[in-house]
Protein chains: 2
Amino acid sequence: MVARYERIAEELRDDILTGVHPVGSQLPTEAELATRYEAARGTVRQAVAVLVAEGLVGSRQGARRIVLGRARSQSFAELHSFAQWARANGHRFGGQVMGQRRRDASPVETARLGTDEVLEVLRLRTLECEPVLVERTVYAGWVAGAVEALPPSCESVTEALYDSIGLVFAYGEHLIDAVAAGAEDARLLGVRRGSPLLRQRRITTTHEGRPVEWSEDRYRAGSVVFSIRNSIDANPLVRQAGDLRFGA
Amino acid sequence: MVARYERIAEELRDDILTGVHPVGSQLPTEAELATRYEAARGTVRQAVAVLVAEGLVGSRQGARRIVLGRARSQSFAELHSFAQWARANGHRFGGQVMGQRRRDASPVETARLGTDEVLEVLRLRTLECEPVLVERTVYAGWVAGAVEALPPSCESVTEALYDSIGLVFAYGEHLIDAVAAGAEDARLLGVRRGSPLLRQRRITTTHEGRPVEWSEDRYRAGSVVFSIRNSIDANPLVRQAGDLRFGA
DNA sequence: TAAGGGAACTTGTACAAACAAGCGAGCACA
DNA sequence: TGTGCTCGCTTGTTTGTACAAGTTCCCTTA
């Protein structure tokens, strides 16, 4: 059962995408939408709030809402999982484990993941058969077994872990910056040492806030771009100085 | 007059920050909070929704809400304006115009900004007296005059434009990736040519959705990091393949 | 012609009530 | 012992109402 406001949001999103409400135009008023969809004003407000949060619509008190853009935000899964993102966007992709070992957690890792033992995995990911991403992931001890049981060429670790032990990745914190390719990066990605890479470091947790993994992903320059929309009201992305957290 | 739900959100945020509600703990139920703050449940829900959107609190139907983290999202202004971000975070900073000229808009720029004439500005920004950012901005023709009237060492263009002509930057779209430093970048930032830079391209518009500026900012590696929190429910950041939009 | 004041319109805030849906603990039964 | 089910708790959805606050546009007035 999908909520009413979600269906209304979906219809409005479609109308924006198909040009019924072109970029730059005004959205109908809440009262009009309420009449059209035979819903209470509060329900319509919830629907529009979804689009505002996605950055598609701008809103401020007293003025009619305005269509800002058409691009649609992707799901958490698509940001989190390379496989799910690539699949949703129609790319050919692959993955291969290049190395894997259990070891004791460093003090930093213990603080981050809350376990004494960790599993360290090095993966290389390809897009359209080109290597684009080096993924260095450290899993908390309590999922290590399930990860080790996966085949080395497993396409989507996220999906595989859900299937095998019902693990759901629910929350993530991401840090994004640029670094120079190290010797190993360069060899794996087929670029020169020192060439620019886009780095995404992240910690992922379950619904309960229990840390599952800590990962450092390095993308070959030009292969992927992160995109965000923000407004004076809603602002999810944050800029920080230097390497404050997450260590070196 | 600050809204009730915002004051409640503020108090809850403080409680999280000061450890009254530690990371990993459960937040009080809506009913408890409603009693405590003598507000309707709906108002409390609005307050908590703010914290959920900020990524501080996780929420799902049926289960008690959980505190995920303490870091606070910064405002739109702080993401958008280097000066406002630096000031809010207690950094010493500066800026200097290195070049500026009016010219006809390219076809791409006309499509983006909606004007035939543009003003191109090259700025160098410093943090703690170190050059960290090269900013190449193209302003729409209708703000060119106001921008040219600013002093070359103007610290905050955003604030200056608001003061002089009441211009409000309201919405932004950002693309983030990594590039190699060009000859000019290298000279200005004091790094070697080809060394990694974090690139942030953005378009900013007014409340009405009217484009004001198109900018490409290049940060020296290690100087700044972009940070984001997302969840299975709320996901503002998006990953894209290659250079799809915004051209080269 | 330009500035100012209002009136209509539109979005934002707050409260109240009722039901739906998911979670988790405890209990009963095999 | 442990499996499954039920019941209470908690969050999610929807409607209705009333008022607050900001915008926009028109009309008056200097």
Side-chain angles (χ1 to χ4, degrees), chain A residues 1-12 21 24-53 56-68 166-168 170-171 206-210 231-234, chain B residues 1-12 21 24-53 56-68 166-168 170-171 206-210 231-234:
Chain A
M1 180 53 188
V2 181
R4 199 133 154 65
Y5 78 89
E6 283 180 5
R7 284 203 308 264
I8 296 176
E10 183 64 34
E11 283 197 43
L12 285 173
H21 303 305
S25 71
Q26 294 184 332
L27 225 54
T29 66
E30 293 179 358
E32 281 179 79
L33 292 173
T35 306
R36 180 185 310 172
Y37 293 110
E38 292 178 332
R41 190 184 153 217
T43 307
V44 170
R45 280 182 67 76
Q46 271 187 97
V48 178
V50 172
L51 304 184
V52 171
L56 266 55
V57 170
S59 186
R60 65 186 169 134
Q61 186 174 141
R64 287 279 286 273
R65 277 183 260 255
I66 286 181
V67 179
L68 292 173
L167 180 65
V168 175
Y171 305 109
T206 64
H207 277 303
E208 292 78 30
R210 191 178 186 192
S231 81
I232 214 162
D233 297 317
Chain B
M1 179 52 188
V2 181
R4 199 126 148 68
Y5 78 90
E6 283 180 3
R7 284 202 307 264
I8 296 176
E10 182 65 33
E11 283 195 43
L12 285 173
H21 303 304
S25 71
Q26 292 185 335
L27 225 54
T29 66
E30 292 178 358
E32 281 180 80
L33 293 173
T35 306
R36 179 183 311 173
Y37 293 111
E38 291 179 331
R41 189 181 155 219
T43 307
V44 170
R45 279 182 67 78
Q46 255 181 298
V48 178
V50 172
L51 302 185
V52 171
L56 294 177
V57 169
S59 186
R60 66 186 169 134
Q61 189 174 133
R64 287 279 288 272
R65 277 183 260 255
I66 286 181
V67 178
L68 292 172
L167 180 65
V168 175
Y171 305 109
T206 64
H207 277 304
E208 292 77 32
R210 190 178 186 193
S231 82
I232 213 162
D233 298 315

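We name chains A, B, ... by the order of the sequence lines, and we start the count at 1 in each one. Because the structure is a prediction, the values reported are computed rather than measured.
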* **Nearest-angstrom distance from the residue atom CZ of Arg7(B) to C1' of dT13(C)** => 12 Å
* Asked: Hey, is the side chain of Thr43(B) poking within less than 4.0 Å of OP1 or OP2 on dA14(C), counting only N and O atoms?
  -> no
* Taking C-beta and beyond as the side chain, do Leu27(B) and His21(B) meet within less than 4.5 Å on heavy atoms? -> yes
* Would a 4.5 Å heavy-atom cut-off, applied to side chains only, mark Leu12(B) and Leu33(B) as touching? -> yes
* Asked: Counting only N and O atoms by type, is there a donor-acceptor contact under 3.5 Å from the side chain of Arg41(B) to the main-chain atoms of Ala31(B)?
  -> no
* **Least distance between heavy atoms, His207(B) atom then Tyr171(B) atom** => O-CE1, 3.5 Å
* Structure fact -> Heavy-atom nearest pair, Pro28(A) first then Arg64(A), reads CA-NH2, 4.0 Å
* Roughly, in whole Å, what's the span from CD1 in Ile66(A) to C1' in dT24(D)? -> 12 Å
Expected rows: protein N/O vs nucleotides 8-13 of chain D N/O, under 3.5 Å:
from, atom 1, to, atom 2, distance (Å)
dT11(D), OP2, Glu30(B), N, 2.9
dT11(D), O4', Gly62(B), N, 3.4
dG12(D), OP1, Ser59(B), OG, 3.0
dG12(D), OP2, Arg45(B), NH1, 2.9
dG12(D), OP2, Arg45(B), NH2, 3.3
dG12(D), OP2, Arg65(B), NH1, 3.1
dG12(D), O4', Gln61(B), NE2, 3.0
dG12(D), N7, Arg41(B), NH2, 2.6
dG12(D), O6, Arg41(B), NH1, 3.0
dT13(D), OP1, Tyr5(A), OH, 3.0
dT13(D), OP2, Tyr5(A), OH, 3.3

